[in-house]
Amino acid sequence: MKIGVIGTGQFAGSFIHLWQLHPDVEAVYVTDLVAERAAEHVERYGLAGSYADVDELLASDCDAVGVFTQRWTHAELVLRALDAGKHVYSAVPMALTVDEIAAIVAKVEQTGLVYMMGETSYYNPAVVWARAQRADGAFGRVFYAEGDYVHDMDNGFYAAYQFSGGDAWKSTASYPPMLYPTHAVGGVLGVLPTHATSVSCLGIRDDRGDGVFDAGVSLWGNEFSNMTALFGLADGGTMRTNEFRRVGHPARVHESRFRFYGTDGVMEQTSTGASWSTRDEISDIGDLFRTYTHQGVVTDPRVLEGIDPALRHSFESGMAQVHDRTRLPAAFEGAPNGHEGSHHFLADDFVRGVATHTQPPVNAWRAARFTLPGIVAWDSANKDGERLDVPDFGDGPADPGWG
């Protein structure tokens, strides 16, 4: 297969490099609004070439497209790619509106093309472990679960927005936290076979005064830097998620962390560890989830070029004990990884899906369930926490079982 990547910012290189290594990928091409960036990636990774623009890429013989553009631009590009007959890998989030998500799901149903959202939390070690425990029935009934995405703006986000936003970077650095919900929601619903049905959300108005979370500057009129949402789930349980952007927390440890409370067992993850408990005992399981970042991890300088030091942890990671490395291509061994070991699995999932004409685990339907709760939560926060219904577009095809 041939993959054409749209957007050659700071994140795309990690996946371009892995797809270059994959035995089922014949060639990788790129395009970017800044032609120099595309040319740099062609040279840096030895790619097959670049296209002048998205139209030229979509008219090419590439089988698939990877969308790595600004987070509020994904839906339009995804729909254009699907209309052009391309399989699609999209960075998170899936989209910003319910209508956009409905259109993507409908288009995937209509065309039968593969769509995948690259949600890192699906392969977060704590989520991989909890998914196996739930499948074995160890939790009993999970009646409550929590997911947090704790990423302070000062830990690399200012630099990232300035890199991608130019002179108007403050207008988009105010991106509403709940419109980037998948690193929290995806970990919970990547374990539990259910979906959100309602939400009440509260936002904390920012008081830093640096003009970022300023309604008059923000493209979204957003003043919230920290947000908390409580969801009702279809199975009768509840889920709480936090999206924090002003928080005294280091970037290098468990930005996403999860807790599951069941009638027979409880798993609680913190910034530095984790425990498993039953009625009779409690065990420290933190070592199972450690990816040993900065300890013997192969770091490719090409992947890290231009990355703010506070964000390096997202692009430098080993594997955890709970990760099944045997299912990955041998060519990935020793290759740069990121986001707690998830990059290798995500890159392989997409190629495997296209090669076998199978919807991957985080397909359009699951991506909708990871994204929609945050979209409605953002609406709820702007209505002073009013409880609102969360729509759903169904289960989609059966899970292929690669996770």
Side-chain angles (χ1 to χ4, degrees), residues 10-11 71 92-93 119-121 123-127 129-130 145-163 173-188 190 201-210 212-213 222-230 239-260 267-275 284-295 297 304 307-318 320 337-342 374 377-378 381:
Q10 295 177 318
F11 190 53
R71 58 192 69 178
V92 300
E119 177 39 54
T120 58
S121 71
Y123 283 111
N124 180 293
V127 174
W129 185 88
E146 299 176 341
D148 305 327
Y149 182 52
V150 180
H151 192 141
D152 187 80
M153 286 290 293
D154 289 300
N155 282 329
F157 268 175
Y158 278 101
Y161 278 111
Q162 289 167 7
F163 175 86
S174 60
Y175 190 84
M178 277 294 164
L179 291 185
Y180 197 74
T182 62
H183 292 340
V185 175
V188 174
C201 179
L202 296 175
I204 306 298
R205 286 180 169 80
D206 194 61
D207 60 3
R208 174 73 70 87
D210 63 358
V212 172
F213 293 100
N222 176 45
E223 298 178 283
F224 302 136
S225 53
N226 295 321
M227 306 183 76
T228 297
L230 180 64
M239 168 178 68
R240 195 268 300 133
T241 67
N242 288 316
E243 292 288 341
F244 293 159
R245 304 295 179 267
R246 298 288 197 203
V247 54
H249 187 271
R252 64 187 178 276
V253 292
H254 297 320
E255 288 174 344
S256 295
R257 63 269 186 96
F258 306 96
R259 292 163 292 281
F260 299 89
M267 189 277 274
E268 297 174 294
Q269 186 183 27
T270 67
S271 296
T272 58
S275 66
D284 184 341
I285 58 172
D287 280 346
L288 296 177
F289 305 157
R290 300 194 200 287
T291 53
Y292 302 102
T293 305
H294 308 300
Q295 295 184 28
V297 176
L304 296 176
I307 301 298
D308 186 282
L311 285 177
R312 283 187 57 160
H313 68 284
S314 294
F315 302 86
E316 286 186 293
S317 175
N337 207 336
H339 285 92
E340 301 203 53
S342 66
W378 163 240

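The basis for the numbers below is simple: all heavy atoms, side chains too, and nothing from hydrogens, waters or symmetry mates.
Closest non-hydrogen pair, Y161 versus Y175, comes out as OH-CB, 3.6 Å. Scanning all heavy atoms of the two residues, the minimum distance from C201 to A377 falls at CB-O, 3.2 Å. Across every non-hydrogen atom of L288 and A320, the tightest pair is O-CB, 3.4 Å. Of all heavy-atom pairs spanning R71 and V92, the tightest one is CB-O, 4.2 Å. The two residues E268 and R259 come nearest to each other via the heavy atoms CA-CG, 3.6 Å. Here the shortest heavy-atom pairing between P177 and N222 reads CD-ND2, 3.9 Å.
Residues P125 and T291 meet the side-chain proximity criterion, which asks for heavy atoms closer than 4.5 Å. Residues I204 and R246 fail the side-chain proximity criterion, which asks for heavy atoms closer than 4.5 Å. T120 places a side-chain heavy atom less than 4.5 Å from the side chain of H183. For the pair W378/M227, a side-chain contact is recorded, criterion being any heavy-atom separation below 4.5 Å from C-beta on. Side-chain contact check for N124 versus H339: every heavy-atom pair is 4.5 Å or farther apart.
Here the CD atom belonging to E119 is positioned 7.0 Å from the OG atom belonging to S256, to the nearest 0.5 angstrom. Of the inter-residue distances, the one linking D152 atom CG with N226 atom CG reads 8.5 Å to the nearest 0.5 angstrom. Considering CE of M153 and CZ of F213, their distance stands at 5.0 Å, rounded to 0.5 Å.
Remark: the backbone N or O of N337 is not paired with any side-chain donor or acceptor of S317 at under 3.5 angstrom. Q269 places a side-chain N or O within donor-acceptor distance of the main-chain N or O of F258, the cut-off being under 3.5 Å. The closest donor-acceptor contact from the side chain of N242 to the backbone of T228 lies at 3.5 Å or more, if one exists at all. Judged by distance alone, with hydrogens and angles left aside, the side-chain atoms of Y158 form no donor-acceptor pair with the main-chain N or O of Q162 at under 3.5 Å.
Partners of F244 by ring-ring contact (aromatic ring centres under 6.0 Å, His included), not counting sequence neighbours: none found. Applying the side-chain contact (heavy atoms from CB on, under 4.5 Å) rule to A184 yields the partners Y149, T241, E243; only residues at least two apart in sequence or on another chain are considered. T270 is linked by a side-chain contact (heavy atoms from CB on, under 4.5 Å) to T272, counting only residues two or more places apart in sequence or in another chain.
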Problem set entry | Worked verdict on F289 versus R257 for side-chain contact (heavy atoms from CB on, under 4.5 Å) | CA-CA 11 Å; F289 305 157; R257 63 269 186 96; over 6 Å; no
Exercise. When you look at S225 and R208, which way does the side-chain contact (heavy atoms from CB on, under 4.5 Å) test go after all the steps?
Worked result: CA-CA 10 Å; S225 53; R208 174 73 70 87; over 6 Å; no
For this session: Before giving the answer on side-chain contact (heavy atoms from CB on, under 4.5 Å), spell out for R245 and Y180 the whole-Å C-alpha distance, their side-chain angles and the decisive distance to 0.1 Å.
Result: CA-CA 11 Å; R245 304 295 179 267; Y180 197 74; 4.0 Å; yes
For this session: Report the C-alpha distance between N155 and H249 in whole Å, list the side-chain angles of each, state the deciding distance to 0.1 Å, and finish with yes or no for side-chain contact (heavy atoms from CB on, under 4.5 Å).
Result: CA-CA 9 Å; N155 282 329; H249 187 271; 5.8 Å; no
